[in-house]
Amino acid sequence: MQEVRVRFAPSPTGALHIGGLRTALYNYLLAKKFGGTMILRIEDTDQNRFVPGAEEFIIESLKWAGIVIDEGPVRQSERKPIYKEYVEQLLKAGHAYYAFDTTEELEAQRKANSAFQYDAKSRMSLNNSLSHPNFDLSKPYVIRFKVPENSIEVVVNDLIRGEVTFSSSQVDDKVLMKSDGMPTYHLANVVDDHLMKISHVIRGEEWLPSAPLHILLYRYFGWEDTMPRFAHLPLLLKPDGNGKLSKRDADKAGFPIFPLTWKDPNTNEVAIGYREAGYLPEAIINFLALLGWNPGTEQELFSMDELIDAFSIERIGKAGAKFDILKAQWFNQQYIKRNKAEVVEHLVKWFGKEKAEPVFEALKDRVTFVKDFQEQGKFFIERPTTKAEVNPVFFKKLLETLNEFPFKEAIDKAGAETGVKTGQMMKPLRITLTGGTTGPDLIKTMEILGADEVQKRIQYQLV
RNA sequence: GGCCCGUUCGUCUAUCGGUUAGGACACCAGAUUUUCAUUCUGGUAAGAGGGGUUCGACUCCCCUACGGGCUACCA
């Protein structure tokens, strides 16, 4: 069997977003499932949209998520001569040609005819090496793909959608190489996937319409027999209504769109990431894996290793999935409970070494995010200043019994001796100890606080 | 406009011709918890519409509707 080699190929035009992370995840799962190789390829062929820091952000995000890169990053911008060599091969074979039309000229065409397409029908009336055999290469030019004149059927055999048939007459003469000598996505993508011996191209559904162009390129390069298998993933949709999930939708619904916090170098705008918002990578991975894929069983919780084991492309769904942040939060809760050691480590900086673990035990069922521990457990390290309506007789007695008995017995004893029902005293006692009316089990709370501290807080109410 | 993809509870989904259409999140109710939360138990809730094919269709085919994607010298 052919070695499984996949690539995650983002373009560094901004921060990696959560949908991109899912694409990376599915690639990774497939690779690891078959002991294959995961390659990171940076598709930075658009010099105008390049955003500094984006590549580092992508790498850091993958690392946080637990997606391990075996090869790369490979930067396409550093491979210019390679693409040039291959596009010349196409030129020589008559499958590509030079075009000199300016942006303005093409815009005018589109304005005049909204259905305008640079293709076999229109190319002879445009300005290119086909229509003008005496062309002059000292002028700026692009190299365009020459779609065959006679219409043929191009079948994309998609692992998720089955056979999808396109007519080559719908494919236009796409630019393969831009006037700055950089390849476009289509050229670079096909050349690199071939050169890197990619076995499976797993990418977003937005690429499906250009898949026939890619197949034609493989064909004219003579690589069709080793062409990778394609799988076009359903899109991640915004939570309400329809449409592709965007940063704006996420902001509106109040959840992060990026794995990590990102400061846009152009606008200086800061967008909080999942990591900083308190999500555990395990939760995000589990959640993302199940958005569009399912194991066919009723298991919901998966570690990365379990995902690798259970994953299969066949079980990826076809329809777009709406992003439900509530479910992500539920996963987060689950993983907080499960990842005790990791969470306790976080808690040390807030509660100290001694208290970190007991605080975890007291609050673990009450929190959604790690940072919730800090807010909900504040009173463990800070004395509340709220005044409670206390029964002084009972509280004074409690001060005494606390010297001799464990907390539960001390309360019972003090209640019995003063004739106060303990039930009535729980609320004021809670306010006394925590400053609030809700919280974890009071006895447990007292144990964490310690008898000394409990007595001090009670005394505060009596003065 | 053209091309392509999609459509099961509010959401993520199971079902690969015969099921009381299952699970999870969310929601509601009850139980436990001398608070709240947790936990447990139970509940509400779905095959876009219309034609076929078939003994039988959520499942296969066609049409319609709706939604989405693409249609750049962006990826």
Side-chain angles (χ1 to χ4, degrees), chain A residues 9-14 43-49 76 99 101-103 106-107 110 113-118 140-144 156 158 160-162 164-167 169-172 174-186 188-189 203-212 232 234-235 237 239-244 287 290-301 314-315 317-331 333 337 363-368 376 411 415 421-427 429-431 434 436-443:
Chain A
S11 109
T13 53
E43 311 227 323
D44 54 351
T45 55
D46 187 348
Q47 319 239 273
N48 303 320
R49 294 207 306 156
Q76 289 184 327
D101 318 80
T102 64
T103 311
L106 292 174
E107 261 168 24
R110 290 191 190 97
N113 170 16
S114 61
F116 169 75
Q117 191 171 272
Y118 210 118
Y141 63 87
V142 299
I143 299 172
R144 283 185 181 271
V156 178
D158 189 273
I160 295 171
R161 282 152 224 285
V164 183
T165 306
F166 296 83
S167 164
S169 63
Q170 294 296 331
V171 180
D172 60 344
K174 277 268 178 300
V175 171
L176 261 21
M177 188 164 279
K178 302 181 251 188
S179 54
D180 64 359
M182 274 290 189
T184 58
Y185 171 87
H186 305 101
N189 195 262
R203 76 221 308 190
E205 195 184 3
E206 69 267 27
W207 292 109
L208 189 52
S210 51
H232 289 95
L235 265 18
L237 272 24
D240 56 332
N242 284 295
K244 215 158 100 170
F287 169 63
L290 259 24
L291 262 186
W293 170 85
N294 76 83
T297 66
E298 287 181 355
Q299 184 177 351
E300 299 274 341
L301 264 10
E314 297 74 56
R315 294 206 68 89
K318 295 178 172 72
K322 281 186 190 164
F323 198 87
D324 179 11
I325 195 65
L326 252 26
K327 190 132 188 185
Q329 290 178 2
W330 177 78
F331 276 113
Q333 279 176 41
K337 284 192 244 183
L363 295 176
K364 68 174 181 191
D365 288 326
R366 320 175 56 82
V367 299
T368 302
Q376 291 189 34
I411 292 172
K421 288 204 177 94
T422 48
Q424 294 175 309
M425 296 326 300
M426 292 312 264
K427 198 170 175 186
L429 186 54
R430 177 176 293 282
I431 295 172
T434 72
T437 54
T438 65
D441 184 82
L442 249 199
I443 305 299

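Every chain is numbered from 1, with letters handed out A, B, ... down the list of sequences.
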Applying a 3.5 Å limit to both distances, which nucleotide forms a Watson-Crick or G-U wobble pair with [N]?
{"N": "B:rU7", "value": "B:rA65"}
{"N": "B:rC60", "value": "B:rG52"}
{"N": "B:rC16", "value": "none"}
{"N": "B:rC27", "value": "B:rG43"}
{"N": "B:rA37", "value": "none"}

Does A:Ser179 make a side-chain donor-acceptor contact with the base of B:rC73, cut-off 3.5 Å?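 Check passes, donor-acceptor contact within cut-off.
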What nucleotide, of [options], holds the atom closest to the side chain of [X]?
{"X": "A:Lys322", "options": "B:rU7, B:rU11, B:rU38", "answer": "B:rU11"}
{"X": "A:Gln170", "options": "B:rU34, B:rG2, B:rC73", "answer": "B:rG2"}
{"X": "A:Leu326", "options": "B:rU71, B:rA26, B:rU34", "answer": "B:rA26"}
{"X": "A:Lys327", "options": "B:rA75, B:rC12, B:rC4", "answer": "B:rC12"}
{"X": "A:Asp441", "options": "B:rA14, B:rC4, B:rU35", "answer": "B:rU35"}
{"X": "A:Arg315", "options": "B:rC73, B:rG6, B:rU15", "answer": "B:rU15"}
{"X": "A:Pro209", "options": "B:rU13, B:rC70, B:rU7", "answer": "B:rC70"}
{"X": "A:Ala319", "options": "B:rU7, B:rC73, B:rA75", "answer": "B:rU7"}

Look at all strands and tell whether [X] reaches a base, only sugar-phosphate, or nothing, counting heavy atoms closer than 4.0 Å.
{"X": "A:Asp158", "result": "nothing"}
{"X": "A:Arg161", "result": "sugar-phosphate"}
{"X": "A:Val175", "result": "sugar-phosphate"}
{"X": "A:Thr438", "result": "base"}
{"X": "A:Thr297", "result": "nothing"}
{"X": "A:Lys318", "result": "sugar-phosphate"}
{"X": "A:Gly292", "result": "sugar-phosphate"}
{"X": "A:Pro440", "result": "base"}
{"X": "A:Thr13", "result": "nothing"}
{"X": "A:Ser167", "result": "nothing"}
{"X": "A:Lys244", "result": "sugar-phosphate"}
{"X": "A:Phe331", "result": "nothing"}

How do A:Phe166 and A:Gly317 order along RNA chain B: which one's closest nucleotide is nearer the 5' end?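 Of the two residues, A:Phe166 wins.
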Between A:Val142 and A:Ala328, which residue's closest nucleotide on RNA chain B lies nearer the 5′ terminus?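 Going by which nucleotide is closer to the 5' end, it is A:Ala328.
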Measuring only the C1' atom in each nucleotide, how far is B:rC61 from B:rC28? A whole number of Å is fine.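 Those two atoms are separated by 42 Å.
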Taking B:rG23 as the reference, what is the distance to B:rA14 when you measure between their C1' atoms (whole Å, please)?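 Those two atoms are separated by 7 Å.
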If only side-chain N and O atoms of [X] are considered, is one of them under 4.0 Å from the OP1 or OP2 phosphate oxygen of [N]?
{"X": "A:Lys178", "N": "B:rC74", "value": "yes"}
{"X": "A:Thr184", "N": "B:rC74", "value": "no"}
{"X": "A:Arg49", "N": "B:rA75", "value": "no"}

What is the distance, rounded to the nearest whole Å, between atom [atom1] of [X] and atom [atom2] of [N]?
{"X": "A:Glu107", "N": "B:rA72", "atom1": "CD", "atom2": "C1'", "value": "9 Å"}
{"X": "A:Leu235", "N": "B:rC12", "atom1": "CG", "atom2": "P", "value": "13 Å"}
{"X": "A:Asp324", "N": "B:rU13", "atom1": "CG", "atom2": "C1'", "value": "12 Å"}
{"X": "A:Glu298", "N": "B:rC25", "atom1": "CD", "atom2": "C1'", "value": "14 Å"}
{"X": "A:Leu237", "N": "B:rG69", "atom1": "CG", "atom2": "P", "value": "8 Å"}
{"X": "A:Leu290", "N": "B:rU13", "atom1": "CG", "atom2": "P", "value": "9 Å"}
{"X": "A:Trp330", "N": "B:rU13", "atom1": "CH2", "atom2": "C1'", "value": "13 Å"}
{"X": "A:Asn294", "N": "B:rA14", "atom1": "CG", "atom2": "C1'", "value": "7 Å"}

Evaluate A:Tyr118 against A:Asp101 for side chain to side chain contact (heavy atoms under 4.5 Å, CB included), listing each step before the verdict. CA-CA 11 Å; A:Tyr118 210 118; A:Asp101 318 80; 2.6 Å; yes
Exceeds 12 heavy-atom contacts within 6.0 angstrom, atom NZ of A:Lys178: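 Buried by this count: over 12 neighbours within 6.0 Å.
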With a sphere of 6.0 Å drawn around NZ of A:Lys337, does it hold more than 12 non-hydrogen atoms of other residues, nucleotides or ligands?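 Above 12, so yes.
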Ignoring hydrogens and geometry, is there a side-chain-to-backbone donor-acceptor pair from [X] to [Y] under 3.5 Å?
{"X": "A:Asp158", "Y": "A:His232", "value": "yes"}
{"X": "A:Arg430", "Y": "A:Pro440", "value": "yes"}
{"X": "A:Asp44", "Y": "A:Gln76", "value": "yes"}
{"X": "A:Arg315", "Y": "A:Asn294", "value": "yes"}

Would A:Met426 and A:Leu442 count as a side chain to side chain contact (heavy atoms under 4.5 Å, CB included) if you check the C-alpha gap in whole Å, the side-chain angles of each, and the deciding distance to 0.1 Å? CA-CA 8 Å; A:Met426 292 312 264; A:Leu442 249 199; 4.0 Å; yes
Tell me whether A:Asp46 is salt-bridged to A:Arg49, with the criterion being a basic N under 4.0 Å from an acidic carboxylate O.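 Yes, charged N to carboxylate O under 4.0 Å.
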